[in-house]
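Report on the following structure.
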Amino acid sequence: MRYIIRLLLKNQSQRQDQAKKASGFTLIELLVASAIAEIMISALLGFMVDILTTDRKEQARSSTEQEIQGAIDYIRRDLEQAVYIYDGDGLAAITGNYNETECTSDPSSSYNPPGSCSQIPPASDDRVPVLAFWRRKILPEDKRFNGVEIGCLVKLPDDKCNKQDYQVYSLVAYYLIKDDNNKWSGAARIGRFEIRDGIEDKDGTALDGTRTEVDPVNGGTRTVSYDLQPSKGFMLFNLGVEGDNLREKMNRWQKHKDSYTNNVKVLVDYIDQTLMTVDTDLETVNCTTAYQQIPDYDNSKFPAGLKTGSFYACVDSERNVAQVYIRENALARTLARGETKDYSDRQDTFFPTTRIQVKGRGLINF
């Protein structure tokens with residue numbers, strides 16, 4: 001009996017050992033499992049990449065919409081202070097019709113723009129002016145120039161500062177820019193240029209020296225003493241020149257003989273660089289008959305690489321009203337610098353646009 005029990009236990013142990021040896025996966029089973037796992041992981045990775053790409057594009061669109069709104073609000077506030085806005089003819093008169101030379105000599109006694117040079121920083125193959133206007137500028141009394149506060153330029157009888165803000169005229173110009181500057185994106189951008197008048201000396205102190213400039217009343221030149229000199233190149237408009245109306249007089253404005261030292265500073269980047277061609281689905285720029293379109297894309301001298309329609313204005317100088325249009329390119333934020341993504345109707349949500357209409361409320365005080 002013991003022998004039979006011992007034999008049964010031995011057989012059972014042998015069966016268990018054989019079962020252990022037979023357990024595990026075959027090579028084919030492992031290959032099939034690996035293929036299935038790879039397919040599932042690839043699908044999950046593709047799904048995650050799509051989610052991250054979509055999220056990145058949405059963040060880019062949100063940032064772009066905020067920036068474009070901030071830029072248009074800045075331009076609106078600027079224009080609300082305008083005393084005069086140049087229309088297409090006026091901008092052509094003071095820019096030399098896209099000529100690439102800055103005026104450097106005193107204007108002639110006739111005050112007719114030379115037409116062969118630009119009164120503001122000139123246009124080039126990668127930069128064109130879109131909007132130019134005269135406005136009122138406040139110089140706050142606590143702002144310092146040359147180490148002196150504005151409010152201390154004039155002293156009271158007890159030698160105390162008069163703590164006075166000053167209001168002067170300034171000339172503002174906005175540009176569409178697209179170049180190879182590595183500091184900015186591969187898309188276009190909007191730049192702002194401003195020069196201002198100075199504060200003439202009234203008490204014989206001449207804290208900021210003198211300047212030779214054109215005499216707007218008697219013609220020729222005169223020497224003017226300043227407590228705060230105007231920006232280099234600034235010359236105030238002259239309403240005593242020939243002309244039947246304000247528009248004709250403003251179109252004859254000429255800069256001071258000094259070259260500009262103020263630079264065109266970038267207001268906003270990622271302006272759409274897509275050119276207006278048949279293949280880009282972009283509408284042509286149209287202003288109503290009461291307004292003049294700026295820039296003039298039909299001008300033979302207009303740089304072909306800047307015909308984007310992404311930043312333009314419609315201006316009525318007589319009513320001192322401007323309509324401004326901006327289109328940005330959110331997809332440019334998701335690409336490496338130098339890469340661009342052109343506009344398409346299918347992805348128009350990533351090309352946010354905005355427009356405003358502003359009437360200048362400033363008055364010329366003469």
Does any non-hydrogen side-chain atom of [Y] lie less than 4.5 Å from one of [X]?
{"X": "Gln254", "Y": "Val241", "value": "no"}
{"X": "Asp201", "Y": "Tyr226", "value": "no"}
{"X": "Asp126", "Y": "Asp180", "value": "no"}
{"X": "Arg189", "Y": "Asn181", "value": "yes"}
{"X": "Asp78", "Y": "Tyr174", "value": "yes"}
{"X": "Arg222", "Y": "Glu213", "value": "yes"}
{"X": "Trp253", "Y": "Ile120", "value": "yes"}
{"X": "Ile85", "Y": "Val358", "value": "no"}

Among side-chain atoms of [X] and [Y], is any donor-acceptor pair under 3.5 angstrom?
{"X": "Gln323", "Y": "Gln357", "value": "yes"}
{"X": "Trp184", "Y": "Tyr270", "value": "no"}
{"X": "Arg333", "Y": "Ser63", "value": "no"}
{"X": "Asp258", "Y": "Tyr260", "value": "no"}
{"X": "Asp342", "Y": "Gln273", "value": "yes"}
{"X": "Arg327", "Y": "Tyr312", "value": "no"}

Counting distance only, does the side-chain N/O of [X] pair as donor-acceptor with the main-chain N or O of [Y] below 3.5 Å?
{"X": "Lys307", "Y": "Met276", "value": "no"}
{"X": "Asp316", "Y": "Glu318", "value": "yes"}
{"X": "Tyr175", "Y": "Pro121", "value": "yes"}
{"X": "Thr261", "Y": "Lys232", "value": "no"}
{"X": "Lys255", "Y": "Cys103", "value": "yes"}
{"X": "Thr223", "Y": "Thr212", "value": "no"}
{"X": "Tyr86", "Y": "Ala93", "value": "no"}
{"X": "Asp197", "Y": "Leu236", "value": "no"}
{"X": "Gln81", "Y": "Arg135", "value": "no"}
{"X": "Gln292", "Y": "Gly88", "value": "yes"}

Which pair of non-hydrogen atoms, one from [X] and one from [Y], has the smallest distance, and what is that distance?
{"X": "Pro122", "Y": "Thr101", "value": "CB-N, 4.0 Å"}
{"X": "Asn320", "Y": "Ala82", "value": "ND2-O, 3.2 Å"}
{"X": "Asp227", "Y": "Ala206", "value": "OD1-N, 3.6 Å"}
{"X": "Ala188", "Y": "Asp272", "value": "CB-O, 4.3 Å"}
{"X": "Pro295", "Y": "Pro129", "value": "CB-O, 4.4 Å"}
{"X": "Cys314", "Y": "Asn286", "value": "SG-O, 4.4 Å"}

Identify whether [X] and [Y] are in the same connected component of the hydrophobic contact network (ILVMFWY, side-chain heavy atoms under 4.5 Å).
{"X": "Val130", "Y": "Val321", "value": "no"}
{"X": "Val224", "Y": "Leu139", "value": "no"}
{"X": "Tyr297", "Y": "Ile190", "value": "yes"}
{"X": "Val324", "Y": "Tyr291", "value": "no"}
{"X": "Ile138", "Y": "Tyr74", "value": "no"}

Tell me, with the steps shown, if Ile150 and Leu228 meet side-chain contact (heavy atoms from CB on, under 4.5 Å).
CA-CA 8 Å; Ile150 292 293; Leu228 176 66; 3.7 Å; yes
With a 4.0 Å cut-off, would you call [X] and [Y] a salt bridge?
{"X": "Lys143", "Y": "Glu149", "answer": "no"}
{"X": "Asp89", "Y": "Arg247", "answer": "yes"}
{"X": "Asp179", "Y": "Arg127", "answer": "no"}
{"X": "Glu194", "Y": "Arg196", "answer": "no"}
{"X": "Glu242", "Y": "Arg252", "answer": "no"}

How are the rings of Trp134 and Phe234 set to each other: parallel, tilted or perpendicular (split at 30° and 60°)?
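Trp134 and Phe234: perpendicular rings.
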Gap between atom [atom2] of [Y] and atom [atom1] of [X] - 0.5 Å precision:
{"X": "Arg144", "Y": "Cys152", "atom1": "CZ", "atom2": "SG", "value": "8.0 Å"}
{"X": "Gln119", "Y": "Glu102", "atom1": "CD", "atom2": "CD", "value": "9.0 Å"}
{"X": "Tyr98", "Y": "Leu91", "atom1": "OH", "atom2": "CG", "value": "7.0 Å"}
{"X": "Ile195", "Y": "His256", "atom1": "CD1", "atom2": "NE2", "value": "11.0 Å"}
{"X": "Ser170", "Y": "Phe133", "atom1": "OG", "atom2": "CZ", "value": "7.5 Å"}
{"X": "Asn97", "Y": "Ser300", "atom1": "CG", "atom2": "OG", "value": "7.5 Å"}

I would like to know whether Ile326 and Ile271 meet side-chain contact (heavy atoms from CB on, under 4.5 Å); could you show each step before the answer?
CA-CA 8 Å; Ile326 302 176; Ile271 301 301; 3.7 Å; yes
Does Arg61 qualify as a cation-pi partner of Phe350, given the criterion of NZ or CZ under 6.0 Å from the six-membered ring centre and within 45 degrees of its axis?
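Yes, a cation-pi geometry holds between Arg61 and Phe350.
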Test log, rule side-chain contact (heavy atoms from CB on, under 4.5 Å), inputs Ile68 and Val268
CA-CA 8 Å; Ile68 195 175; Val268 62; over 6 Å; no
So, for Phe237 and Tyr169, is the gap between ring centers shorter than 6.0 Å?
yes
How about CG on Asp142, more than 12 heavy atoms from neighbouring residues, nucleotides or ligands closer than 6.0 Å, or not?
yes
Take Asp73 and Ile356 through the test side-chain contact (heavy atoms from CB on, under 4.5 Å) and record every step on the way to the result.
CA-CA 9 Å; Asp73 287 343; Ile356 55 171; 5.9 Å; no
